Amino acid sequence: MTLTRRDLLAGAAAGAGLTGTPDWLHAAPARPDGDGGGSSAPKVLRYAFPAAETGFDPVQLSDVYSLTITAHVFESPLDYDPLARPFLIRPGTALALPEIADDHRSFTLKLRPGILFHDDPAFKGRARELVAEDYIYTIKRFYDPATKSPGHSSLEEQGIIGLRELREAALKSKQPFDYDRPVEGLTAIDRHTLRIRLREPRPRFLYTLTGLPAMAREVVEAYGDRIMEHPIGTGPFRLAEWRRSSRIVMERFTGYRDLRYDAQPNPDDAEGQALLARFKGRRLPMIDRVEIAIIEEAQPRWLAFLNGEQDLLERVPADYIPQALVKGELAPHLAKKGIRHSRVAASDVTLTVFNMEDPVVGGLTPEQVALRRAICLGLDIPREIRLGRRGEAIPAQAGITPGTYGFDPLLRTEQGRFDPARARALLDTWGWRDRDGDGWRERPDGTKLTLVMLSQSDQTSRQLDEIYKKNMDALGLRVELKVGQWSENLKSTRSGKFMMWRVGSSAGSPDGQGALERGYSASVGKGNLARFVLPAFDRVYDRLTALPDGPERLEAFREANRLMLAYAPYRYHVHRMVTDLMHRQVVGYRRPPFWLNWWSTVDVEA
């Protein structure tokens, strides 16, 4: 049973419908045993992350690198079809899509019996089956103030009855969160049946169910503060080795249920249809081990792939695009080696985050808004695309990402302009002037003005920093770059201990409202990294949450965009084109638009 894909998102599938079947899909037949067996050598997929992980407790995470690991360890009731584009929702741990009642306020899920957690000492030697109470417990963990979950605000928007009051009781009493207290909105009807009830209609609650992990209470309580180091789920892979910020090794969970490859590629998707024919019926996962190196610098990541030390290179670094592609196609010298490529428009956006609580760049007064808008106008995004991105990006006009509901490809805004003359005029008008003649502007009160930007040490960041500093110098704005690890910068930003940070963000679901969470006051310190608080925006955001898709909701998207762009808590830079490279032994890899659990449907052949 599946959910029909949206016609309105069909544009996100551009490039998926190929005119012919690639030759590499016919290079070797599928193994006849149906289980991916026939070889004693383990199948290993090797690739690299360009930034370090932060840990493996999905409730406490917001970075894509850590969440990529946990997506393969912890399973959700619903999942995405691996080949359908732009998306197709299907059962995960559930037997079928939920029964929906009471105008999208009630969702009843029947879980598949016999799904087992990875064995762990916390289970005292007994096999532990996934049950409905595990999802109830995990949902409550998002609400426990002690976890400081960045996912709490997104879940609270869905309005599960009783959880808000449970959290407020813990905050008010300053007592530990009461996991045993029943809540009206979460009911285990029987061992394998879960009912979730919401305060208001939520037509898109299915998207939440595709990203809802199941954790075992015994494991969380056994490891306590060390739960970030002990991911124990029901997924196809388990943690085998971890050297923090250096190496992560995942191995196949031998107790994983008998799950077979199946998919519904679009009828005109020749590549997808060929993959389905090749893999249909194969037992998942098809590989035994995933070895991930943390390689932050672009050059060693590129060389490790060329030298065969890595099987896959996700996101070819910008400096190496000219070596990888010729007019958008794979360079001949790579093709001769059997290397293949995938080039797609990513559903992402890069942005500069302004700390709205900072006394210099924050605030809602006219002069503070003028400073941020001047910085936005003074950033040369065409130069960033040409030099820093090697042409592999398009200017972002707002924060909603391509391929998600609410994205308007015809939108043109101030964020898409480079206008240093207007930027200087804004600064002059609102008092950000050079009063002492040293070439640098002071604050309106005459005190020294210095912009402090968090950054990283990798080559791409250094090039973007150079462009940024040159742009700010031209405006007479003094800049200080504070270089650190990506994970540490994320931690500083979430805690509000920063002025500015440039970061990328990828869509987590087919709905563009997730991008607007960056401006929602209830998400401050979580999705709202800028710590932006504006009641008028909150009112529009709340309307978006309840409205069904259609003209009224699209108009609410436009109003939310107008408010975000007017106050400029973020400077949106680009939507990136993404090129991935893979050696001939990697078969079945397709960059997923919204989901992160793809290892199971990839094969690595001898």
Side-chain angles (χ1 to χ4, degrees), residues 1-10 12-13 58-59 61-62 64 67 70-71 74-82 84-94 96-100 103-109 135 138-139 142 149-160 185 194 196-214 347-348 399-407 505-518 520 523 526-527 541-550 553-554 556-557 560 592-598:
M1 186 176 183
T2 52
L3 181 71
T4 304
R5 63 179 63 85
R6 299 181 185 193
D7 292 337
L8 56 89
L9 282 176
V59 171
L61 300 175
S62 62
V64 69
L67 287 169
T70 60
F74 301 97
E75 294 185 290
S76 301
L78 304 183
D79 201 357
Y80 289 99
D81 186 293
R85 296 296 185 270
F87 74 97
L88 189 66
I89 292 178
R90 65 183 191 177
T93 60
L97 293 184
E99 298 174 11
I100 302 173
D103 190 23
H104 290 90
R105 291 183 178 90
S106 175
F107 296 77
T108 302
L109 290 152
Y135 282 111
T138 306
I139 291 171
F142 282 95
S149 174
H152 160 257
S153 56
S154 297
L155 200 54
E156 171 56 22
E157 289 166 29
Q158 304 306 312
I160 300 174
L194 169 67
I196 302 176
R197 295 182 59 225
L198 312 177
R199 293 188 297 267
E200 303 290 340
R202 291 294 182 264
R204 291 160 294 278
F205 188 66
L206 290 181
Y207 301 160
T208 299
L209 296 174
T210 65
L212 183 63
S347 187
D348 73 2
I400 299 173
T401 60
T404 60
Y405 187 85
F407 176 76
S505 177
S506 299
S509 88
D511 191 60
Q513 186 169 347
L516 294 177
E517 187 188 348
R518 298 189 193 101
Y520 191 49
S523 297
K526 300 163 189 174
Y541 188 89
D542 288 335
R543 283 182 56 228
L544 278 165
T545 305
L547 284 170
D549 291 343
R553 190 163 188 256
L554 289 173
F557 267 105
F594 312 114
W595 56 96
L596 299 172
N597 53 329
W598 54 267

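Worth saying up front: this structure is predicted, and the values here are computed from it rather than measured.
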Do the non-hydrogen side-chain atoms of T93 and P77 ever get within less than 4.5 Å of each other?
-> yes
Do L209 and P98 have side chains that get closer than 4.5 Å, going by heavy atoms?
-> yes
Measure from the side-chain N and O atoms of R553 to the backbone N and O of A546, and report whether any donor-acceptor pair falls under 3.5 Å.
-> no
Excluding sequence neighbours, so at least two apart, what forms salt bridge (charged side-chain N to carboxylate O under 4.0 Å, His left out) with R518?
-> none
Please answer whether the main-chain N or O of V59 pairs with a side-chain N or O of S149 as donor and acceptor at a distance below 3.5 Å.
-> yes
Could you give the distance from CH2 (W595) to CZ (F87), rounded to the nearest 0.5 Å?
-> 9.5 Å
Chi angles and distances behind the side-chain contact (heavy atoms from CB on, under 4.5 Å) call for T210, D79 | CA-CA 5 Å; T210 65; D79 201 357; over 6 Å; no
Is Q513 close to Y405 at the side-chain level, that is, under 4.5 Å between some pair of heavy atoms?
-> no
Is any side-chain heavy atom of F205 less than 4.5 Å from a side-chain heavy atom of I100?
-> no
In this structure, CD1 of I400 is separated from CG of L516 (nearest 0.5 Å) by 4.5 Å
Step by step, work out the side chain to side chain donor-acceptor pair (under 3.5 Å) result for S523 and E517.
-> CA-CA 7 Å; S523 297; E517 187 188 348; 2.8 Å; yes
Find the distance between CD1 (I196) and OG1 (T208) and round it off to the nearest 0.5 Å.
-> 9.0 Å
How far does CD1 of I139 sit from CD1 of I160, to the nearest 0.5 angstrom?
-> 4.5 Å
Please walk me through it: do Y80 and N597 pass side chain to side chain donor-acceptor pair (under 3.5 Å)?
-> CA-CA 9 Å; Y80 289 99; N597 53 329; over 6 Å; no
